[in-house]
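No experiment lies behind these values; they were computed from the predicted model shown. Each chain gets a letter, A, B and so on, in the order its sequence line appears, and its residues count up from 1.
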Amino acid sequence: MAIRLHNTLTRRKEDMVTRDEGAVSIYVCGPTVYNHIHIGNARTFLSFDVIRRYLQWRGFDVYFVQNITDVDDKIIARAAEEGKTAEEVARFYTEAFLDAMRALGVCRPDVQPRATDTIPDMIEMVERLIDRGHAYVVEGDVYFSVRSFPEYGKLSGRDIDELRSGARVDVDERKRDPVDFALWKAAKPGEPHWSSPWGEGRPGWHLECSVMSEKELGPSFDIHGGACDLIFPHHENEIAQSEAATGRPFARYWLHGGLLQIDAEKMSKSLGNFMLLKDVLNDYEPQAVRMLMLQTHYRSPLDFSLERLDEAKAAYERIATLVRNIRWARGTTPAPDGASSDERNRLESQVASTRERFTVEMDDDFNTAGALGALFELARVANTFMAAHPGGLSSADLLALSEVEEALVELIGALGIELAEVNRSSYPPEVVELSKQLAGYEGQDTEAAVEALLAARAAARTERNWAAADAVRDGLSDLGFTIEDTPQGARVSFTPEL
RNA sequence: GGCGACGUGGCCAAGUGGCAAGGCAGGGGCCUGCAAAGCCCUUAUCCCCGGUUCGAAUCCGGGCGUCGCCUCCA
């Protein structure tokens, strides 16, 4: 079964046929580093991280390139505001961006070129465009001649003449045509600048993506991604630059993500209605953020709110709790009899059908919402299986459940959501003091302290001393532990608040 | 005005011709010493009108509404 992609260029879903069989080359537009990225920026990077991970999971050899725009008007403006140099601003927010991506669990691109490291290549492409009659020099600026590229507008469905009449911006009289755009800008005093055949200057924004993608992936590659607000003019201009410079088709498939909205309005730095990713991650686990994004198809708009983030967190915990409960059950002593072989077969066939449906959904233009639906169905079936046998599960039952666990961890992992193992070493030290008070524990080991508390609570419950039992549970609860009673004993889990 | 996306239960959302996934929230029940987790039950004339079809959320036409791009934007 082929993977289907919605291609903005053709406005329909197509079978993915890559340049090299078994390999996928991807270029995704990265951030301009003039501020911390907001949650809307994060959505796009997350979407393409999921696409990349899924293709890898499907066995493709993925080569993923994403630029960092570290020279730009907005960086210069920000530097002026802060009384810093543009280089300082760019360096600071580049680091902040890399930190934020790490915190969200976004895989690093295979190559992550910076615009300022690619200047010679950009100059070379501009020279090529001038040589081929697609660009012209005016007083140190170089412009791309849009009319020299007849296919201009094929991505965004725009018509050059309509663009021209609709141009609202003050027209630069030196341009031969109002729709022409800058490839190279002569530097004003105090701006970052590089030597070029046209004098000291800096590159235009659209240029770097054409240059980097060609340098890293070749003139024709498989997938070019970005958010849909980049379709025009950015991606249209990239196509014009690259195809005019190389004479060869640019990206085969154009994938565009929908925008994140707040109160049904685009989240953007210019509108001022944004939330920074780093602030959101201060209060929420990355898994909750990822779950929220995955519940909506990547091309649809997504209205963001903390309420929805709470819902996504609850949804994530449904899966995480199940996996934790399976792991716990597998640590208990198997019962002599549990489920019937029919029940086990049903569970196992559900695992198989979940894997099947997950793949079908994801192959169809990365339908993460559908894929999650498959996982939740498996969760319900597995929960039902366990609920039907409160008296305990046999070794065979536990083996079947371990297949459920394996599938959930693997499949949700293919979407970039990690189901972490419980880390006992991170138990808080306060538990020792609590155990001393309530269970007479004398040692210093946190894990042993918890064991002592659970033993004390079990004893109290046997004596029907609910006050003593609840004191232990409440004390542990205050430290971030959850105690749940089952017929097989108390189940403890530790989930510290962020 | 041009180009594009979208309109599915209380909220979110998948589904693009054949009995409407899933999550969250609410209500009822079960389990529990009380909880927690979980299970069971429970809520949809798929924006409106017309058309095509044996059959339409899904295709076509018209309307209404929301959003995006057309200017820097993930």
Using purine N1 to pyrimidine N3 plus N6-O4 or O6-N4 for Watson-Crick, or N1-O2 and O6-N3 for G-U wobble, each under 3.5 Å, what pairs with [N]?
{"N": "U53(B)", "answer": "none"}
{"N": "G1(B)", "answer": "C70(B)"}
{"N": "U58(B)", "answer": "none"}
{"N": "C30(B)", "answer": "G38(B)"}
{"N": "U43(B)", "answer": "none"}
{"N": "A20(B)", "answer": "none"}
{"N": "C6(B)", "answer": "G65(B)"}

State whether [X] places a side-chain N or O below 4.0 Å from either non-bridging phosphate oxygen (OP1 or OP2) of [N].
{"X": "Thr384(A)", "N": "C40(B)", "answer": "yes"}
{"X": "Lys266(A)", "N": "C69(B)", "answer": "yes"}
{"X": "Thr8(A)", "N": "A5(B)", "answer": "no"}
{"X": "Asn367(A)", "N": "A14(B)", "answer": "no"}

Flag this pair as yes if the NZ/CZ of Arg78(A) is under 6.0 angstrom from the six-membered ring centre of Tyr34(A) and inside a 45 degree cone about the axis; otherwise no. no
Please tell me whether Ser394(A) and Asp397(A) have a donor and an acceptor in their side chains that are separated by less than 3.5 angstrom. yes
Would you call the rings of His235(A) and Trp254(A) parallel, tilted or perpendicular, where under 30° means parallel and over 60° means perpendicular? tilted
Taking only the [atom1] atom of each, what is the distance from [N] to [M] in whole angstrom?
{"N": "G28(B)", "M": "U43(B)", "atom1": "C1'", "answer": "13 Å"}
{"N": "C30(B)", "M": "A35(B)", "atom1": "C1'", "answer": "15 Å"}
{"N": "C3(B)", "M": "U42(B)", "atom1": "C1'", "answer": "46 Å"}
{"N": "C59(B)", "M": "G23(B)", "atom1": "C1'", "answer": "30 Å"}
{"N": "A56(B)", "M": "C46(B)", "atom1": "P", "answer": "11 Å"}

Selection from C69(B), A74(B), A14(B) that lies nearest to any side-chain heavy atom of Phe232(A): C69(B)
Applying a 4.0 Å non-hydrogen cut-off, can you work out what Met291(A) is touching in the nucleic acid: base, sugar-phosphate, or nothing? nothing
Could you check whether Ile37(A) gets within reach of a base, just the sugar-phosphate, or nothing at all, counting any heavy atom under 4.0 Å? nothing
Without decimals, in angstroms, what is the distance between Trp254(A) CH2 and G4(B) P? 18 Å
Could you state the atom-to-atom distance from CD of Gln66(A) to C1' of A74(B) in whole Å? 10 Å
Ignoring hydrogens, what is the shortest heavy-atom contact between Gly391(A) and Ala335(A)? Give both atom names and the distance. O-CB, 4.3 Å
Sugar-phosphate means primed atoms, P, OP1 and OP2; the rest is base. With that split, encode nucleotides 17-25 of chain B 5' to 3' as B, S or - using protein heavy atoms under 4.0 Å. ----BSBS-
